[in-house]
Amino acid sequence: MNYSMQEVMQYVEEEDVKFIRLAFCDVFGRQKNISIMPRELPRAFEYGIAFDASSVAGFGDETRSDLLLRPEPETLMMLPWRPEHGKVVRMFSSVTYPDGSLFACDTRSLLKKAVQEAAQAGYEFFFGAEQEFYLFRLDEDGNPSHQPYDNAGYMDIAPEDRGENIRREICLTLEQMGIRPESSHHEEGPGQNEIDFRYSDAVTAADNAMTFRTVARTVAQRNGLAADFSAKPLARKPGNGFHINVSVKAADGSDQLLPMIAGILNKIGDITLFLNPTENSYQRFGSDRAPKYISWSRENRSQLVRVPAAQGEYRRAELRSPDPAANPYLGFALIIYAGLQGIVNGKLLPPAADINFYKATEAVCARYPQLPADLNAACRAALASSFVRVHVPEPILDLYCGSVKDSANF
């Protein structure tokens with residue numbers, strides 16, 4: 001439900017809400033929040049709530065540290081795991097300077113800008129997220145271990161699949177928050193799980209991806225476990241993917257899926273840094289259905305981009321390289337810009353790679369360009385990209401690869 005400011009204040013009063021969390025994230029996609037009391041809500045809506053930005057990655061230093069959170073009433077959600085009496089709600093918030101202008105490194109606002117520019121060009125993008133995570137036991141001190149919760153495999157069932165009830169609780173919690181998971185199952189790795197979401201507009205999909213991670217970690221901890229979303233938690237076991245399903249709707253009704261894919265393939269090397277932002281991310285590439293080569297095909301899960309067997313409103317492209325360490329706001333924004341560039345320029349797709357890269361010979365694989373092999377290579381590709389420099393603010397680029405930038409004299 002999309003609430004207005006007045007409706008939010010009425011809801012808070014009628015539902016005995018005692019704490020309002022104003023949520024945002026740093027440039028790496030780590031969620032942050034400030035909790036305010038109900039009496040502060042009118043001030044939050046009118047003036048914003050100040051916070052020390054110098055303590056948040058990418059938000060500046062002590063010389064200009066005051067930024068404001070301005071809650072967006074349409075994002076109101078109750079947190080069902082908090083007490084029934086004295087409830088807690090959450091709203092996503094935009095980050096602004098004291099004069100009210102948008103903060104340049106607020107990645108949620110960057111995504112909104114990308115959506116607006118696409119709309120002005122006559123296109124609307126939709127996203128559906130598939131995120132994988134491991135469930136690990138806690139050690140004797142209550143800290144996460146690397147001992148998987150079970151030893152089940154792909155789509156196994158109970159009793160081998162011990163994560164069944166955890167996934168069920170996650171899905172039911174999300175439904176209470178107005179988010180509709182589409183499916184869930186055990187993944188290939190021991191203790192590895194996946195929950196998929198129906199497509200929605202870009203900002204809602206990114207908000208839901210952030211919410212899902214919070215809910216999964218919260219439910220896991222309530223059950224004496226840890227949910228791990230890192231790209232490669234266990235050596236020699238499948239990594240965690242963040243498969244991003246993308247579709248586009250043109251105002252004139254034309255089918256723009258293929259030029260959209262062509263645009264993404266054209267810029268994927270430039271933007272891999274932001275879809276795979278950790279050293280750990282690159283240990284995943286090239287094995288266990290994680291792509292290594294820049295290619296596309298239909299249905300083929302060894303490809304970077306595949307077009308699933310679906311028709312009508314479900315026709316889409318699945319980008320398989322990102323992992324859950326990515327900031328979904330920044331990642332979705334760059335995917336929109338890349339896809340839009342492919343559409344506007346009428347970019348043509350190369351021939352489909354109808355091969356299995358995990359079984360193909362070296363000679364066959366050598367015909368295809370590769371994704372960056374490590375974080376250093378991804379940084380260099382981003383720093384050398386005019387596309388990235390147009391769409392990623394300099395302070396964000398500095399944070400993602402400042403040491404590489406300094407050493408290379410970019």
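Just so we're clear, the structure is a prediction, and the values are computed from it rather than from any experiment. Residue indices begin at 1 and follow the sequence shown.
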Do we see a donor-acceptor contact under 3.5 Å between the side chains of Q256 and S254?
yes
What is the minimum heavy-atom distance between R70 and G100, and which atoms define it?
NH2-CA, 4.0 Å
In this structure, are over 12 heavy atoms from other groups packed under 6.0 Å from M5 atom CE?
no
Would you call the rings of F127 and F332 parallel, tilted or perpendicular, where under 30° means parallel and over 60° means perpendicular?
parallel
Taking salt bridge (charged side-chain N to carboxylate O under 4.0 Å, His left out) as the definition, give me every residue that meets it alongside E194, ordered by chain and number, with sequence neighbours left out.
none
Looking only at side chains, do D139 and S145 share a donor and an acceptor under 3.5 Å apart?
no
Is the ring centre of Y400 less than 6.0 Å from the ring centre of F274?
yes
Is it true that K237 and E188 make a salt bridge, defined as a side-chain N closer than 4.0 Å to a carboxylate O?
no
Which residues satisfy the side-chain hydrogen bond (donor to acceptor under 3.5 Å, both in side chains) test with T211, sequence neighbours excluded?
R90
Pair E187-R289, salt bridge (Lys or Arg N to Asp or Glu O under 4.0 Å): steps then yes or no:
CA-CA 12 Å; E187 257 298 334; R289 300 189 181 184; over 6 Å; no
The single option from Y149, Y134, F136 that satisfies side chain to side chain contact (heavy atoms under 4.5 Å, CB included) with L225 is Y149
Taking the six-membered ring of F24 as reference, does the cationic atom of R30 (NZ for Lys, CZ for Arg) lie under 6.0 Å from its centre and within 45° of its axis?
no
Salt bridge (charged side-chain N to carboxylate O under 4.0 Å, His left out) against E15, all qualifying residues, sequence neighbours excluded:
K87
